[in-house]
2 protein chains.
Amino acid sequence: MNNKDYLKLDNQLCFAVYTCSKEIIRLYRPFLDKLGITYTHYITLLVLWETDPIPFKKLCNHLYLDSGTMTPVLKSMEKKGLLTRSRMENDERQISISLTQLGRELKEQAATIPLQMLCRTQLSPEEANTLRDTLHRLLKQLPQA
Amino acid sequence: MNNKDYLKLDNQLCFAVYTCSKEIIRLYRPFLDKLGITYTHYITLLVLWETDPIPFKKLCNHLYLDSGTMTPVLKSMEKKGLLTRSRMENDERQISISLTQLGRELKEQAATIPLQMLCRTQLSPEEANTLRDTLHRLLKQLPQA
DNA sequence: TGCAATTAAATTGTAAACGATTTAAAGTTA
DNA sequence: TAACTTTAAATCGTTTACAATTTAATTGCA
């Protein structure tokens, strides 16, 4: 690559990732609107559908989001009746997040979303898996600090 | 893939893209802090360093950002003295964006960022290019609506 | 035990990000 | 030419996102 091309927008890996992220999340909207939730709510529920209850900090780590982001998100989800937040008995600093019945029931309605979204990416399941694995590998090898 | 695995967080392509995007942008911070700009300012400058002046709408299209996002971004960059915004003579609805001398000069200071960032991804140039091209292809084939 | 250090979540301030609406200019047509 | 439509950017409201700080609980240790 020519030296002067390094600053071209279309050569930036980050911009490609960043734009794909936003555009894919935009495609979730019609599906998530039906459930009355946002993408952030959705990924929060994905974690909780796997692990319920879960400590606040663990949830944040899974989602790569910090307390400044998650505290208001979880409060709004609590307000919607999707989950409850409670202090842990053995350590009053920690918060435990649990799904409500409503939060658990949403899982059924969400069950068809992943395949419909895969369809919208126009990728074969194999291509999607390969790309996802590449990104996971990249994520792992990024410097933490 | 087992049917019940579709809703697992780690199987979601979107979440992998979304998380990579945020983590890579976080790695830009030390570099951009030195220039006193944000990542959004940076990609705006990347476009302007290639095309100057440029119509507002064209800039938005390049960046996949809408007027609601870009109007305040460009106003803040104007305030910093990086660019100027002016109505077009032949069509008073349109805004033309031009770099200032300061905005042009930043390009030199930014010249080393892309290679330093590539280094931080721990990817070979070939791997990075392949991944970027895959994402561009995906972006192109996503439904517009 | 008592106090410093650490840890966890909340809070604060700033900057995106985007859908929906508004305002104003330009184009279209009856 | 006047009314309607379209287009462009700005504005508004809501939700993320994160760095930095604060508050409160716990842990370590002198």
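Keep in mind that what you see is a predicted model, and the values were worked out from it rather than measured. In what follows, chains are A, B, ... by sequence order, proteins preceding strands, each numbered from 1.
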Atom pair distance, as rounded to whole Å: OH in A:Tyr18 and C1' in C:dC18: 11 Å
Check ion pair A:Asp91-A:Arg93 (N to O, under 4.0 angstrom): yes
Protein-nucleotide distance (B:Leu74, atom CG; C:dA17, atom P), rounded to Å: 13 Å
Test: B:Glu78 and B:Lys75 ion pair at under 4.0 Å: no
Electrostatic pair B:Lys140-A:Glu23, nearest N-O below 4.0 angstrom: no
Phosphate contact (C:dA17 OP1 or OP2) by A:Arg29 side-chain N/O below 4.0 Å: no
Upstream residue (5' side of DNA chain D) when A:Tyr64 and A:Asn90 are each assigned their closest nucleotide: A:Tyr64
Sugar-phosphate only, base, or nothing, as touched by A:Arg85 at under 4.0 Å among non-hydrogen atoms: sugar-phosphate
Closest nucleotide among D:dA10, D:dC18, C:dA17 to the A:Leu65 side chain: D:dC18
N/O (side chain, A:Lys75) to phosphate O (OP1/OP2, C:dT11) under 4.0 Å: yes
From C:dC18, D:dT6, D:dT16, nucleotide with atom closest to B:Arg93 side chain: D:dT6
Any B:Arg26 side-chain N or O less than 4.0 Å from OP1/OP2 of D:dA19: no
A:Tyr18 and B:Tyr39: CA distance, side-chain angles, deciding distance, ring pair (Phe, Tyr, Trp, His ring centres under 6.0 Å) verdict: CA-CA 11 Å; A:Tyr18 159 80; B:Tyr39 182 72; 5.5 Å; yes
Nearest heavy-atom neighbours spanning B:Thr69 and B:Val73: O-CG2, 3.3 Å
Gap between atoms CD and C1', on A:Gln94 and C:dA10 respectively (whole Å): 15 Å
Value in whole Å for how far the P atom of D:dT11 lies from CG of B:Asp66: 14 Å
Parallel, tilted or perpendicular: rings of A:Tyr28 and A:Tyr42 (30°, 60°): tilted
Between P of D:dA10 and CE of B:Met88, the distance in whole Å: 13 Å
Any residue of residues 35-60 of chain A with a heavy atom less than 4.0 Å from an atom of DNA chain C: A:Phe56, A:Lys57
Rounded distance (Å) that lies between atom P of D:dT14 and atom CG of A:Asp33: 16 Å
Value in whole Å for how far the P atom of D:dA17 lies from CE of A:Met70: 9 Å
Under-4.0 Å side-chain N/O to phosphate OP1/OP2 contact, A:Thr71 with C:dA10: yes
Check: B:Leu63 and A:Thr19 side chains under 4.5 Å, non-hydrogen atoms: no
Rounded interatomic separation in angstrom, taking CD1 from B:Ile97 and C1' from D:dA9: 10 Å
